[in-house]
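Contents: one structure, followed by commentary.
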Amino acid sequence: MMPINAKITKIVDETPSIKTFFLDLTLDNKPGQFVMVWIREVDEIPMSPSYSNAITVQKVGDATSALFKLKKGDSVGIRGPIGNGFTLSGKSILLIAGGVGAAPLAPLVEVAGGKKIKVKTLLGAKTASELLFVKRFRSAGDLQTATDDGSDGHKGPVTELLDELDLRGYDQIYSCGPEKMMSRVLEMVKGANMASKTQFSLQRYIKCGMGICGTCSIDPSGLRVCVDGPVFSGETLIDSEFGRYARDASGRKVRL
Ligand SMILES: Cc1cc2nc3c(=O)[nH]c(=O)nc-3n(C[C@H](O)[C@H](O)[C@H](O)COP(=O)(O)OP(=O)(O)OC[C@H]3O[C@@H](n4cnc5c(N)ncnc54)[C@H](O)[C@@H]3O)c2cc1C
């Protein structure tokens with residue numbers, strides 16, 4: 001699949017570390033699928049669209065820093081959509097989002113709202129100004145926030161909000177965010193016998209994005225995040241490397 005040229009039509013500052021880049025093309029993805037974004041002369045990186053024509057990016061390293069330097073009228077290459085995406089089902093759903101992990105979940109709640117599915121979102125970030133898409137989640141349903149410093153909502157990890165909920169009361173649970181956060185979600189849904197009804201979107205290091213290089217394979221199944229995921233059922237992730245280690249650019253195991 002060759003990258004398609006996409007021009008940046010608008011850039012929105014979402015938080016101090018996150019920007020949304022609107023593009024002059026429709027990405028045509030299901031929520032949770034991703035595209036490979038080619039930042040010319042730098043790198044090609046995976047991003048899950050946050051709107052039908054936009055990606056929302058947190059600046060963490062070389063490629064995302066280079067993307068942040070682009071202006072309206074500059075262009076990137078887009079390959080995709082790739083992967084499976086979330087499967088929406090049931091009448092009442094719960095979402096647990098951490099940091100930029102809210103990016104693929106915001107379009108999912110909007111699709112759910114259109115289908116009259118009842119939505120509750122637990123949204124976490126380091127601090128109030130880093131909470132992403134608060135308005136979008138609030139207008140789709142019930143929203144509870146958590147921040148590490150207590151500047152908005154519950155003070156502490158967003159997963160602590162799960163203690164107050166009866167997880168079995170939801171038809172389906174969705175989560176995206178830092179893997180340590182998601183592995184705590186997995187422990188809790190496993191305890192509530194809900195692992196098979198919970199979908200996790202994994203943000204692993206992806207190189208080829210077409211299932212060839214194996215960089216994003218998960219032990220012991222060998223499932224590849226890029227083509228078999230990036231969304232996996234909790235049941236698939238139990239007893240895997242998930243939450244314990246991942247692989248870096250050279251394929252070396254890195255403890256989480
Ligand atoms: C399916 C998928 C969807 C994604 N969607 C989004 C999105 O919508 N918005 C967004 O901001 N990011 C998203 N990411 C993560 C994003 O791809 C990485 O942050 C990006 O590749 C980092 O590139 P870099 O060159 O700036 O940083 P690097 O220089 O490669 O790394 C900088 C730091 O970030 C860490 N890092 C690198 N890649 C990843 C990764 N894939 N996941 C977690 N940590 C990583 C490195 O370990 C290092 O600590 C997604 C990842 C995947 C796999």
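The first residue in the sequence is number 1, and the count goes up from there. Note that the coordinates shown come from a computational prediction; the quantities given were computed from them, not determined experimentally. Order of appearance sets the numbers: ligands from 1, and atoms from 1 within every ligand.
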Worksheet item: Under a 4.0 Å heavy-atom cut-off, what residues line ligand 1?
Response: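 Within the 4.0 Å shell of ligand 1, which is judged on heavy atoms, sit F34, I45, P46, M47, S48, T56, V57, Q58, V60, G61, D62, A63, T64, V100, A103, L202, Q203, R204, Y205, I206, P230.
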
Discussion item. Closer than 3.5 angstrom, by distance alone: can the side chain of Q199 be matched with the main-chain N or O of Y174 as a donor-acceptor pair?
Written reply: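 Judged by distance alone, no pair lies under 3.5 Å.
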
Worksheet item: Ignoring hydrogens and geometry, is there a side-chain-to-backbone donor-acceptor pair from Q33 to K30 under 3.5 Å?
Response: yes

Worksheet entry | Ring centroid separation F242 to F232 under 6.0 Å | no

Worksheet item: Within 45° of the six-membered ring axis of F68 and under 6.0 Å from that ring's centre, is NZ or CZ of K19 located there?
Response: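 Yes, K19 and F68 form such a contact.
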
Worksheet entry | Q203: side-chain hydrogen bond (donor to acceptor under 3.5 Å, both in side chains) partners, not counting sequence neighbours |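 For Q203 there are no side-chain hydrogen bond (donor to acceptor under 3.5 Å, both in side chains) partners, ignoring immediate neighbours.
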
Worksheet item: Is the shortest side-chain N to carboxylate O distance from E241 to R244 below 4.0 Å?
Response: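 No, this pair does not count.
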
